[in-house]
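Remarks on the structure that follows.
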Amino acid sequence: MHQADVIVLGAGIIGVSTAMHLRQRGLDVILVDRRYPGEETSFGNAGVVERNGFAPHPFPSNPITLLQILFGQSSAVSLDLKALPQLLPWLAAYKRYGSQRHVQDYARIMGRMREMVLEEHAKLSELANSQRFYRKSGWLHLFKSGPGFSAGDTERYFARVFGVDYHELDEEGIAGLERDLTTTGYSGLFWPQTESVSSPGAVTEAIWRAFVREGGKFFSADATPLKRVRGQWMLPCDRGELVGRHVVVALGPWSGEFCKQFGDPFPLAVKRGHHLHFRPRSGASLSRPVVDMSNGFVLTPMEKGIRLTTGVDFSHRDAAPNVAQMALAERRAREIFPLGEAVDAEPWCGSRPCLPDSLPVLGKSQKVANLWYNFGHGHSGFTLGPLSGRLMSELILGQTPAVDVEPFSPARFGPQT
Ligand SMILES: Cc1cc2nc3c(=O)[nH]c(=O)nc-3n(C[C@H](O)[C@H](O)[C@H](O)COP(=O)(O)OP(=O)(O)OC[C@H]3O[C@@H](n4cnc5c(N)ncnc54)[C@H](O)[C@@H]3O)c2cc1C
């Protein structure tokens, strides 16, 4: 039998950060994953640690965009019609949260979170000795010039409100930052405070290693058989029974179905995304992540090559990779950057765990004692991981969290049945 104060389920960026913060505060912590740490969503993302990000990803409303989505011609958003009936209630709620009032609430909530994210990454990367993966590179948003540029209006407005720097760039300005981008017809926004990493999986693994060095325990096990017995949490695994007083669910895109068994059916959907690595053509290079806002893809220089990540794919989480969306993104990416041959044989596919209000669930179960939730970080989980881990540890210890966590309350979707 292995006893701990807290069992953390899931060793993605959210779980390892939570486990590390709890351990740093002196608790006995067991971390559980059925895979090696950092191999799922936290492995395959675009590696952006975003200082901006004040507007939720909007529900597409432009009729031309909707037609492109319907006919499979949008690399920014793809929709599997077979998944539509199941997705409809979630999509309807997501659309409702596109109201101006919610956008303002979201910006206020995220404004405070984003103020802290770089510092929280810096603290964990120092403990984990993973600073070498970080780049203070900023990131570059590209817009089709003209009306396309107005897509960034909300983001720019809130950046001014929160005092976050950005620079508007014309074609020449973009070329001054990234000489190998084809900039004809593009305007740019450069966000100098944003950072990026050259391997999100390695950053996640490094936090896990630091956690183990600090005396935390890791067990390879499936979380599904978790049971509450006489006020204790019990989870059988190959190496015996894991016993804990508290449990934190940090299972990312798998959290929704897991929570149902405890009477908490959260409206968690996934926005899938894909990546492939490419060699740059001879002599070409990229210094920072570049997002093509019109086509929804990101190019990030990574250890393995230039990582091309796609926009959103609304499909069943476990469906086969959407090779058509990946191919479309590749075609469009080649128009702006000289990508050489692909490094990977197959595209990687992962799932952004998303609530319809684009905010995570971070707090205590209303139904079951000593059950805590930390999941649903959507497009920004890699950025928010270290801070979310800190907030979770403060809540469990009964301390006042560094940020007001009320907006993340598990109870906010109304009485759950
Ligand atoms: C294409 C793409 C690009 C992205 N780009 C960025 C970006 O640039 N910046 C950013 O901030 N965010 C980005 N994100 C979002 C970010 O990657 C996620 O929000 C984040 O990784 C979620 O972390 P997590 O720990 O919640 O989930 P995960 O990393 O998926 O971890 C969940 C863990 O739970 C484990 N697990 C699941 N079920 C069980 C079970 N039954 N038993 C045991 N273990 C289980 C899994 O094995 C996994 O290790 C991107 C996402 C995608 C898909």
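As the structure lists them, so they are numbered: ligands from 1, and atoms in each ligand from 1. Below, each value reflects all heavy atoms present in this structure, side chains not excepted, and no hydrogens, waters or symmetry copies. Starting from 1, each residue takes its place in the sequence as its number.
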Checklist outcome for this item: Note: W254, heavy atoms under 4.0 Å from ligand 1, region reported as side chain

Checklist entry - When you measure from atom 9 (N) of ligand 1 to every protein heavy atom, which one gives the shortest distance, and what is it? => result V48 O, 2.9 Å

Item to check | Contact atoms of ligand 1, heavy-atom distance to I13 under 4.0 Å | outcome: 23 (O), 25 (O)

Checklist entry - E50: heavy atom below 4.0 Å from ligand 1, yes or no? => result no

Item to check | Atom pair CG (L286) and CE (M302), whose distance is rounded to the nearest 0.5 Å | outcome: 11.0 Å

Checklist entry - Under a 4.0 Å N-O cut-off, is there an ion pair linking E120 with K123? => result yes

Item to check | Where ligand 1 meets S380 - atom numbers and elements under 4.0 angstrom, heavy-atom basis | outcome: 10 (C), 11 (O), 12 (N)

Checklist entry - Checking R307 against W348: charged group under 6.0 Å from the ring centre and within 45 degrees of the axis? => result no

Next on the checklist: So is P289 touching ligand 1 or not, going by heavy atoms under 4.0 Å?
Outcome noted: no

Checklist entry - Taking atom 42 (N) of ligand 1 as the point of reference, which of G10, A223, G38 owns the nearest heavy atom? => result A223

Checklist outcome for this item: Looking only at protein heavy atoms, what sits closest to atom 5 (N) of ligand 1 is A46 N, 3.0 Å

Checklist entry - What atoms of ligand 1 come within less than 4.0 Å of a heavy atom belonging to E40? => result 30 (O), 46 (C), 47 (O), 48 (C), 49 (O)

Checklist entry - Are S196 and S137 close enough that a side-chain donor and a side-chain acceptor fall under 3.5 Å? => result yes

Checklist outcome for this item: So the atoms of ligand 1 within less than 4.0 Å of a heavy atom of T224 turn out to be 41 (N)

Checklist entry - Does any N or O atom in T41 lie less than 3.5 angstrom from one in ligand 1, N or O only? => result yes

Checklist entry - Taking atom types as modelled and ignoring hydrogens, do the side chains of D28 and Q3 form a donor-acceptor contact shorter than 3.5 angstrom? => result no

Checklist entry - Taking only heavy atoms of T383, which atoms of ligand 1 are found under 4.0 Å from at least one of them? => result 9 (N), 10 (C), 11 (O)

Item to check | Minimum-distance protein heavy atom relative to atom 41 (N) of ligand 1 | outcome: D222 OD1, 2.9 Å

Checklist entry - Nearest protein heavy-atom contact for atom 15 (C) of ligand 1: which residue, which atom, what distance? => result G378 O, 3.1 Å

Checklist outcome for this item: Heavy-atom proximity to atom 51 (C) of ligand 1, picking from R352, R34, R307, points to R352

Next on the checklist: Taking 4.0 Å as the limit for heavy-atom contacts, which would you say applies to A221 with ligand 1: side chain only, backbone only, both, or neither?
Outcome noted: backbone

Checklist entry - Considering G252, G385, S42, G12, which one's heavy-atom position lies nearest to atom 23 (O) of ligand 1? => result S42

Checklist entry - Does an N or O from G15, backbone or side chain, lie closer than 3.5 Å to an N or O of ligand 1? => result no

Item to check | L235 side chain reached by L9 side chain, heavy atoms, under 4.5 Å | outcome: yes

Checklist entry - Which residue holds the protein heavy atom closest to atom 16 (C) of ligand 1, what is that atom called, and what is the gap in Å? => result F382 N, 3.7 Å

Checklist entry - Less than 3.5 Å between some nitrogen or oxygen of I14 and one of ligand 1, yes or no? => result yes

Checklist entry - Are the ring centres of F382 and H121 closer than 6.0 Å? => result yes

Item to check | Under-4.0 Å salt bridge between R331 and E335 | outcome: no

Item to check | Distance-only donor-acceptor check, side chains T309 and N45, under 3.5 Å | outcome: no

Checklist outcome for this item: When distances are taken from atom 32 (C) of ligand 1, the protein heavy atom at minimum range is L251 C, 3.7 Å

Checklist entry - Looking at side-chain heavy atoms only, is the closest gap between R288 and F190 below 4.5 Å? => result yes

Item to check | Proximal candidate to atom 35 (C) of ligand 1 [heavy atom criterion; set D33, T309, V249] | outcome: D33

Next on the checklist: Under a 4.0 Å threshold between the charged nitrogen and the carboxylate oxygen, would K304 count as salt-bridged to D344?
Outcome noted: yes

Checklist entry - Do F337 and F278 make the cut of ring centroids closer than 6.0 angstrom? => result no

Next on the checklist: Does any N or O of ligand 1 fall below 3.5 Å from an N or O anywhere on N45, backbone included?
Outcome noted: yes

Checklist entry - Between F158 and F162, how do the two ring planes meet: parallel, tilted or perpendicular, split at 30° and 60°? => result parallel

Checklist entry - What about S351: any of its N or O atoms under 3.5 Å from an N or O on ligand 1? => result no

Next on the checklist: When you measure from the heavy atoms of H379 to every atom of ligand 1, does any distance fall below 4.0 Å?
Outcome noted: yes

Next on the checklist: Taking the side chain as everything from C-beta on, heavy atoms only, tell me whether W90 gets closer than 4.5 Å to F314.
Outcome noted: yes

Item to check | V32, any N or O under 3.5 Å of ligand 1 N or O | outcome: no

Next on the checklist: Quick test of your reading of the model: are E119 and R390 salt-bridged, counting only N-O distances below 4.0 Å?
Outcome noted: no

